[in-house]
Amino acid sequence: MGRFAAAGNTPGAALSHLQSGKKGIGMKASQFPLFTLKETPADAEIISHQLMLRAGMIRRLAAGLYTWMPLGLRVMRKVEQVVREEMNRAGAVEMLMPAVQPAELWQESERWEKYGPELLRLRDRHEREFCFGPTHEEVITDMARDELRSYRQLPVNFYQIQTKFRDEIRPRFGVMRAREFVMKDAYSFHLDSDSLAATYEDMYTAYSRIFERLGLDFRAVAADSGAIGGSVSQEFHVLAESGEDEIASCSACSYAANTELASSRPAPLSEQAPETAEEKATPSIETVEEQARMLDLPTERIVKSVVVMTDEDEPAVLFLCGDDELNPVKAAHALDVDEVRLATAEEALQATGVPRGFIGPKGLPEQLPVRVDHRAAGASNFSSGSNRADHHWINLNWDRDVPLPPTADLRQVRPGEACPECDGGKLEMSRGIEVGHIFQLGDTYSKSMGATVLDEDGRERPMQMGCYGIGVSRIVAAAIEQNHDEAGIIWPAPIAPFAISLIPINIQRSEKVREAAEALHEALAAEGIEVFMDDRDARPGVKFADNELIGIPHRVVLGERSLEKGKVEYRGRRDEESVELDYDSVVKELVTRLS
Ligand code: ATP
Ligand code: MG
């Protein structure tokens with residue numbers, strides 16, 4: 001000890017930092033157990049889930065419910081810290097709301113019904129109804145209507161970092177899509193929409209800074225606002241093959257959108273000279289492909305009919321080109337409802353009176369709502385079902401044979417199609433994990449819940465609101481999806497659970513190794529470096545493997561033979577080879593490498 005004069009440390013300095021409350025900086029395996037697994041758990045499908053289990057970061061309690069083990073929690077706390085610092089920098093103020101919320105608030109906003117089975121509902125001993133908050137618009141708006149009275153108190157932006165519960169239909173991929181998870185949610189209040197737009201911009205900047213600081217490859221994309229409501233919204237995605245979302249981005253301009261929402265300019269269909277419409281017998285046809293083969297037509301000249309059911313259980317029929325795919329989010333917008341799903345064969349039959357496969361625009365019951373996709377609206381001499389079993393029309397033309405229904409964008413975009421916003425750009429697809437979502441809500445909640453302030457002229461006005469979410473626990477998994485190799489996790493430095501690990505070889509038997517390792521451990525901690533020492537009585541191979549698995553960015557190996565020459569071995573987690581460093585100057589060297 002006292003050998004690390006180069007870094008200006010003495011055992012006294014190490015002690016004083018402990019006394020000053022910098023605890024948890026230095027840890028040893030003997031006090032901070034690792035719960036690593038050799039085998040990949042069979043039920044973990046994606047790499048981050050496998051590695052989080054193998055590294056002992058999380059353990060499953062039940063579907064979508066996870067315990068954060070000490071190692072995992074250290075990483076999540078780091079993510080929280082970056083989020084907190086950037087929210088504070090952007091002028092947002094932290095608070096904490098209850099996780100359990102009274103049903104009455106959700107009835108006021110009309111989401112008690114709308115939110116559906118994802119909302120976990122509870123009753124207390126007095127039979128009063130509550131829910132476990134999946135999000136907090138109602139609670140914050142309730143607070144705001146009581147506390148914010150004058151335009152002078154605006155704008156203001158509140159945030160919290162808190163556990164949410166959503167009874168996801170398919171919890172999977174570990175903490176990536178959990179039922180209980182940690183979110184940072186922020187809510188801003190404004191007198192007018194200009195002020196809202198300004199704070200929304202600030203949040204966009206803060207989010208970009210957060211994901212940059214976390215060392216993630218991310219993209220901001222235009223998004224659908226879903227059940228939360230409002231108009232303008234953008235999602236932040238960490239780019240990864242395993243991502244559940246598909247993103248379309250332009251090769252030439254900055255256009256990027258979730259494919260739930262993305263539009264394009266597909267090449268127009270070839271125009272045909274009108275021919276005579278004719279009804280053909282097409283027995284037992286079920287698919288567009290069979291129809292195309294039997295009638296000897298390209299699939300793009302088939303106008304297919306897709307029957308959907310709205311969230312209010314009303315049927316509607318949508319017409320698209322045979323080679324296009326229906327986008328349900330766009331369909332919901334076109335029909336001005338919250339959600340649609342494909343009708344079952346029975347529902348389709350009930351709605352139209354025709355077996356699925358033979359439904360078409362000509363002769364459909366008039367009361368049924370119908371829409372036609374823009375591309376299909378350009379079809380000529382097309383074929384479609386004739387609304388009687390085993391028959392299809394050929395050579396139909398809109399207006400001449402059947403009135404053109406209201407048109408809408410209904411189709412899923414395809415890679416290579418022209419960008420909707422620039423000339424010459426083509427859409428490219430990538431996959432992303434949604435880690436953040438920002439919305440301009442407008443007065444959706446403030447109106448329904450009566451959250452008003454007095455403006456300059458003493459008039460009551462509903463406040464304009466924004467809301468801004470970040471999936472704190474999901475980020476931990478997303479970071480692993482982007483940063484790993486065959487051996488395990490490779491943490492970006494800002495969220496690594498420890499910066500350096502020390503691996504003393506044979507520590508249980510060599511006094512020299514123990515002394516050198518203990519001294520180095522203390523000296524690094526005194527420098528404020530988070531250091532982990534693997535002081536287990538385990539084979540070197542086991543320690544090396546675990547260290548790579550848990551992804552510590554820097555490691556120092558202390559062995560008796562090298563120490564006799566005054567050396568230790570250093571290796572960065574991404575380095576091919578180790579290098580020898582002088583034991584006496586290793587602290588200084590590591591401080592330099594870490595800064
Ligand atoms: P998703 O489409 O992935 O279900 P969402 O649109 O429902 O997300 P928001 O309501 O915008 O999500 O919530 C804010 C953030 O919370 C999301 O951007 C995401 O990072 C995170 N999040 C949402 N649901 C989950 C979940 N089940 N598990 C973990 N994180 C989640
Ligand atoms: Mg969701």
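Atoms within a ligand are numbered from 1 in the order they appear, just like the ligands themselves.
Only side-chain heavy atoms of E168 come within less than 4.0 Å of ligand 1; its backbone N, CA, C and O stay farther off. Only the backbone of V175 comes within 4.0 Å of ligand 1, counting heavy atoms alone; no side-chain atom from C-beta on gets that close. With a 4.0 Å cut-off on non-hydrogen atoms, M176 touches ligand 1 through its backbone and not its side chain.
For ligand 1, the polar-atom distance check finds an N/O of E434 within less than 3.5 Å of one of the ligand's N/O atoms. The N/O atoms of I470, backbone and side chain alike, include none that comes under 3.5 Å of an N/O atom in ligand 1. Of the N or O atoms in S473, none lie within a sub-3.5 Å distance of an N or O in ligand 1.
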For Y159 and R84, what are the C-alpha separation, side-chain angles and deciding distance, and is it a side-chain contact (heavy atoms from CB on, under 4.5 Å)?
CA-CA 9 Å; Y159 79 96; R84 189 172 273 121; 3.1 Å; yes
Kindly indicate, with the supporting measurements, whether the criterion salt bridge (Lys or Arg N to Asp or Glu O under 4.0 Å) is fulfilled by D485 and R573.
CA-CA 10 Å; D485 61 12; R573 179 63 180 82; 2.8 Å; yes
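The backbone N or O of A334 lies less than 3.5 Å from a partner atom in the side chain of R371, making a donor-acceptor pair.
The atoms of ligand 1 that sit less than 4.0 Å from any heavy atom of A178 are 26 (C), 27 (N), 28 (N). Ligand 1 places these atoms under 4.0 Å from at least one heavy atom of R166: 5 (P), 7 (O), 9 (P), 10 (O), 12 (O), 13 (O), 23 (C), 24 (N).
In this structure, T135 has no heavy atom closer than 4.0 Å to ligand 1.
Both cation-pi conditions hold for R74 and F498: the charged atom is under 6.0 angstrom from the six-membered ring centre and inside a 45 degree cone around its axis. Geometrically, R77 does not engage W68 in a cation-pi contact, judged by NZ or CZ lying under 6.0 Å from the ring centre and within 45° of the ring axis.
For F236 and Y204, the gap between ring centers is short of 6.0 Å.
Electrostatic pairing of R431 and E481 does not count as a salt bridge here, judged by no charged N lying under 4.0 Å from a carboxylate O. The existence of a salt bridge linking K304 and D324 is excluded, since no basic side-chain nitrogen approaches an acidic carboxylate oxygen closer than 4.0 Å.
In this comparison of R179, R474, E235, the heavy atom closest to atom 25 (C) of ligand 1 sits on R474. Remark: among candidates K184, E260, R172, H437, the nearest residue to atom 11 (O) of ligand 1 is H437, based on non-hydrogen atoms. Nearest residue to atom 4 (O) of ligand 1 from K164, M183, E180, R177 is R177 (criterion: closest heavy atom).
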